[in-house]
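Structure, as structure tokens:
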2 protein chains.
Amino acid sequence: MAKKQQEEPKAERDVSTEEKILQAARKVFTQKGYAATRTRDIAAEAGINLALLNYYFRSKEKLFHQVMAENLQQFFGIIAPIISDEQTTLETKVKLIAEAYIDELGQHPDLPLFVLSEIRNDPEQFKTRIPIDRLLPGAALFRQLQERRPDIHPMQFIINMLGMCVFAFVARPVFLAAGLTTEEGFAAMMEERKRLIPGWVEAMLKA
Amino acid sequence: MAKKQQEEPKAERDVSTEEKILQAARKVFTQKGYAATRTRDIAAEAGINLALLNYYFRSKEKLFHQVMAENLQQFFGIIAPIISDEQTTLETKVKLIAEAYIDELGQHPDLPLFVLSEIRNDPEQFKTRIPIDRLLPGAALFRQLQERRPDIHPMQFIINMLGMCVFAFVARPVFLAAGLTTEEGFAAMMEERKRLIPGWVEAMLKA
DNA sequence: GTCTATAACCTGATAGAC
DNA sequence: GTCTATCAGGTTATAGAC
């Protein structure tokens, strides 16, 4: 009976203390970054005592690495299966990437700025976790781009495609701070982007 | 004579202590961000004592605001005159923006990630300094995009254009950490981008 | 498991000698 | 102007009661 409770804590009405801390840590770390985050903020956000954080996770750094690993997986894991798929066409991949990325980031708008900043701050932890250097150059998408446009390095197109999906989220704080748009307006704009990106990429490939 | 030395300190062989601190602060703040920066790091980088930092700039925050104001001006000031120019065509603007931005960021690769992160951390300081909400919607570029493609919001194209120039620098730490490219390779890729972007934007506008 | 209290350390800032 | 020494406050982490 006690075991059953442990096995499905997330499905129950009240989550475990460990999960409460983890959820709070995800929120605070991702919003403010590692250096600006105080463990007190996480404890307060989780509604628990500061000592419990160390009881469950030993240190701020250990807790951060756990959150960071999740976020890296989320940020790079979205597209990994799509770009490696040998069955789909280039056009399909573009459509799937745009939809998957914009849907995902729409729910976690501060993920890109967080992930990219923290990789800058500590490139090593990233190096060991995500083998992009082995995934990307061998991926189906890479090869398909090379076949379509042998005169231009595939990375140029990949940067453009990812930029079309991700850059708006990186610049989102600017838009909001400047009053150029609201959170709702931004979401609507990104929805329209999902429809526009495939055509833009198609045009780019012919240019 | 003493006055002359003060009037042109940068032209002399040895810069003033104040300028040494400022240069060190630019470097450390921009690389690591406000929260992760220790005033001791800046002092060490400047080759001076910690107390001198407070003697010249009163506080870490005051020094940071000075660096941040410079960086904001650099990041947004590059394109401000170009997008507002009523004399140039849309095509010319695209070419000028790509060249100006990529040249500038090539010399300050960590500027975008720094500026965007710090705006996220403290939107207010940005709000008061850069009146983007008044500049952009009234700019010539904005109107020209609207005339060319009345069916698509100009902001969609502006995001793409800026993304094409800036996103690569935001993602640069990933490329370098992953070993996908070197600093020299990255610079060469961005040089090629300057040539490619005008054609891409033209194609996008017709799509 | 959870809390209070506190240790141990770090960081920004200042006092005061030179 | 520049330095050494130090303070005051904040932050992570732990000890120990419950």
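Between Thr17(B) and dT2(D) there is a side-chain N or O to OP1 or OP2 distance below 4.0 Å. Put simply, Thr39(A) has no side-chain N or O that comes within less than 4.0 Å of OP1 or OP2 on dT11(D). Dashed line: the shortest gap from a side-chain N or O of Asn54(B) to OP1 or OP2 of dA13(C) is under 4.0 Å.
Ring centers of Tyr101(A) and Phe75(A): under 6.0 Å apart, within the cut-off.
At the heavy-atom level, Leu50(A) lies under 4.0 Å from base atoms of the strands shown. Here Tyr56(A) lies in heavy-atom contact (under 4.0 Å) with sugar-phosphate atoms only.
Going from atom CD1 of Ile42(A) over to atom P of dT12(D) covers 8 Å, rounded to whole Å. For the pair Tyr55(A) OH and dT12(D) P, the interatomic distance rounds to 21 Å; values are reported in whole Å. Following rounding to the nearest Å, Glu61(B) (CD) and dG9(D) (P) show an atom-to-atom distance of 18 Å. For Ile48(B) and dG1(D), the CD1 to C1' distance is 11 Å, given to the nearest whole Å.
Donor-acceptor pairing under 3.5 Å is lacking for the side chains of Thr37(A) and Lys32(A).
Looking only at side-chain heavy atoms (C-beta outward), Leu113(B) and Phe169(B) stay at 4.5 Å or farther from each other.
Counting only heavy atoms from C-beta on, Ala51(B) has its side chain closest to dT4(D) among dT4(D), dA13(D), dC3(C). Distances were taken from every side-chain heavy atom of Leu52(B) (C-beta onward) to each of dG1(D), dC3(C), dT14(C); the shortest belongs to dG1(D).
Donor-acceptor pairing under 3.5 Å, judged by distance alone, is present between the side chain of Arg40(B) and the base of dG12(C).
Heavy atoms of other residues, nucleotides or ligands lying less than 6.0 angstrom from CZ of Arg129(A) number more than 12.
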